[in-house]
Enquirer: 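Got a structure for you, questions after.
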Amino acid sequence: MGTYQIYHGRPVQNVIGGRKDKELRVYDLLDELGISYDRIDHEEMMTIEACHGVDRALGIHICKNLFLCNRQQTQFYLLLLPGEKKFHTKDLSAQIGSARLSFAGADAMERFLDITPGSVSVMGLMNDTERRVQLLVDRDLLKEEWFGCHPCMNTSSIRMKTQDMLTLFLPAVGHEVVYVDLPDDEETEKACASMK
């Protein structure tokens, strides 16, 4: 695990060079909304496993961000769930009434959220001006005081209060949450055992 420097707020103006506009727009919006956040800059991280050290440094529990769609690719979803939970499509499909969920392609991800694989983040909803993506949040995330994500680029990670994300950021970008209750593996094993 590397040693990470935590910064409060956006990068300093004179060291912004090399950052993409999509990342800077995240900081602009958070600042405009008065949302306080901390940031760590790091090497590109493509998987949830790679993010564990950064999340420990930020003092947060890792959050999975999954970009999904139905079979016809007419409905798109961004699912946020605790990092330790395993995702099973059948558990979610029943709750949202959408059968045959799968991972959406990189083209849809870029078209609707202006993000690329490895950078999936709730912050991308600021780019979904046509409201094509439905946000789904596992209720277990509500237990966490802090929420962490990428600022639309997987070379930085930010943390903010979970309540600021839910009550300030989401209304500002015009997205409502559909809450879901996804079982963890322990609950699934108990349910299967009771059926035997």
Side-chain angles (χ1 to χ4, degrees), residues 1-12 19 22-68 77-87 92 113 115 118-128 133-187:
M1 173 178 122
T3 302
Y4 298 103
Q5 174 71 44
I6 299 177
Y7 301 95
H8 183 71
R10 69 184 303 122
V12 180
R19 293 186 190 263
K22 63 177 85 179
E23 179 182 0
L24 297 176
R25 286 196 319 263
V26 170
Y27 303 138
D28 290 343
L29 180 58
L30 294 177
D31 292 347
E32 179 185 317
L33 296 173
I35 295 176
S36 179
Y37 58 97
D38 295 314
R39 186 188 88 255
I40 287 180
D41 298 325
H42 48 72
E43 66 279 358
E44 186 177 56
M45 296 189 172
M46 295 298 291
T47 65
I48 196 165
E49 291 77 21
C51 296
H52 283 299
V54 169
D55 285 355
R56 277 193 296 274
L58 284 171
I60 57 177
H61 290 106
I62 201 156
C63 173
K64 280 183 189 168
N65 299 258
L66 305 178
F67 188 52
L68 308 166
Y77 306 94
L78 177 60
L79 171 64
L80 308 183
L81 71 158
E84 71 277 359
K85 275 195 178 182
K86 290 218 173 18
F87 171 64
L92 180 61
L113 302 178
I115 50 181
S119 300
V120 179
S121 166
V122 70
M123 295 293 121
L125 292 176
M126 67 185 286
N127 302 312
D128 180 29
V133 180
Q134 174 63 62
L135 177 62
L136 309 172
V137 174
D138 185 285
R139 284 187 202 278
D140 281 344
L141 284 181
L142 302 180
K143 299 172 186 172
E144 301 294 334
E145 180 183 5
W146 296 98
F147 177 81
C149 63
H150 292 308
C152 294
M153 291 295 298
N154 63 357
T155 51
S156 292
S157 295
I158 58 176
R159 77 168 172 197
M160 68 188 77
K161 295 275 190 178
T162 302
Q163 283 306 306
D164 286 348
M165 187 269 289
L166 295 170
T167 63
L168 298 175
F169 174 77
L170 291 177
V173 299
H175 279 75
E176 292 186 8
V177 182
V178 170
Y179 292 103
V180 295
D181 296 288
L182 301 176
D184 57 29
D185 284 344
E186 193 174 297
E187 289 173 9

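In this text the structure is predicted, and so the values were computed from the model without any measurement.
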Enquirer: Measuring from L182:CG to K85:NZ, what's the distance to the nearest 0.5 Å?
Expert: 5.5 Å

Enquirer: Of all the heavy-atom pairs spanning Y77 and V133, show the shortest one and how long it is.
Expert: C-CG1, 3.9 Å

Enquirer: Please enumerate all residues that pass salt bridge (charged side-chain N to carboxylate O under 4.0 Å, His left out) together with E32, with sequence neighbours excluded.
Expert: none

Enquirer: Examine distances only and state if a side-chain atom of E176 and a backbone atom of L170 form a donor-acceptor pair shorter than 3.5 Å.
Expert: no

Enquirer: Taking all non-hydrogen atoms of both residues into account, name the closest pair between N154 and G118 and its distance.
Expert: CB-O, 3.1 Å

Enquirer: Are the side chains of E84 and D184 in touch, meaning some heavy atoms are under 4.5 Å apart?
Expert: no

Enquirer: If only atom types and distance count, is the side chain of R39 paired as donor or acceptor with the main-chain N or O of I158 below 3.5 Å?
Expert: no

Enquirer: Who are the side-chain contact (heavy atoms from CB on, under 4.5 Å) partners of H42, not counting sequence neighbours?
Expert: Y4, I40, M45, V54, H150, S157

Enquirer: Just how far is it from atom CD1 of I35 to atom CG of L29, taken to the nearest 0.5 Å?
Expert: 7.0 Å

Enquirer: Among residues at least two apart in sequence or on other chains, which ones pass ring-ring contact (aromatic ring centres under 6.0 Å, His included) with Y27?
Expert: Y37

Enquirer: Check N65 against S121 and note the closest heavy-atom contact, atom names and distance.
Expert: OD1-CA, 3.9 Å

Enquirer: From M165 CE over to L33 CG, what is the distance, rounded to the nearest 0.5 angstrom?
Expert: 13.5 Å

Enquirer: Taking all heavy atoms of I6 and all of D38, pick out the closest pair and write down the distance.
Expert: CG2-CB, 3.9 Å

Enquirer: Test of understanding: with side-chain hydrogen bond (donor to acceptor under 3.5 Å, both in side chains), list the residues that count as partners of E144, not counting sequence neighbours.
Expert: H61

Enquirer: Report the residues that fulfil salt bridge (charged side-chain N to carboxylate O under 4.0 Å, His left out) with D181, sequence neighbours left out, ordered by chain and then residue number.
Expert: R139

Enquirer: Among all residues two or more places apart in sequence or in another chain, which pass the ring-ring contact (aromatic ring centres under 6.0 Å, His included) test with F147?
Expert: none

Enquirer: Under 4.5 Å between any side-chain heavy atoms of L113 and L125, yes or no?
Expert: yes

Enquirer: Using a 4.5 Å cut-off on heavy atoms from C-beta on, say whether the side chain of L141 contacts that of T162.
Expert: no

Enquirer: Under 4.5 Å between any side-chain heavy atoms of L79 and K64, yes or no?
Expert: no

Enquirer: Supply the atom-to-atom distance L80 CG to D140 CG, rounded to the nearest 0.5 angstrom.
Expert: 13.0 Å

Enquirer: For the pair L142 and L166, evaluate side-chain contact (heavy atoms from CB on, under 4.5 Å) and give the outcome as yes or no after the intermediate values.
Expert: CA-CA 9 Å; L142 302 180; L166 295 170; 3.5 Å; yes

Enquirer: Which residues pass the salt bridge (charged side-chain N to carboxylate O under 4.0 Å, His left out) test with D164, not counting sequence neighbours?
Expert: none

Enquirer: Identify the heavy atoms of C63 and G148 that sit nearest to each other, and give their distance.
Expert: CB-O, 4.1 Å

Enquirer: What verdict does the salt bridge (charged side-chain N to carboxylate O under 4.0 Å, His left out) test give for D55 and R159, after you've listed the backbone C-alpha separation in whole Å, the side-chain angles of each residue and the deciding distance to 0.1 Å?
Expert: CA-CA 9 Å; D55 285 355; R159 77 168 172 197; over 6 Å; no

Enquirer: How long is the gap from CD1 on I62 to SG on C149, to the nearest 0.5 Å?
Expert: 12.0 Å

Enquirer: Taking only residues two or more places apart in sequence, or in another chain, which ones meet D128 in a salt bridge (charged side-chain N to carboxylate O under 4.0 Å, His left out)?
Expert: none

Enquirer: Determine the minimum heavy-atom distance between K22 and I115, stating which atoms define it.
Expert: NZ-CA, 4.3 Å

Enquirer: Can you name the side-chain hydrogen bond (donor to acceptor under 3.5 Å, both in side chains) partners of S156, sequence neighbours left out?
Expert: R19, E23, D41

Enquirer: Going by heavy atoms in the side chains, are R25 and N127 under 4.5 Å from each other?
Expert: yes

Enquirer: Is any side-chain heavy atom of F169 closer than 4.5 Å to one of M123?
Expert: yes

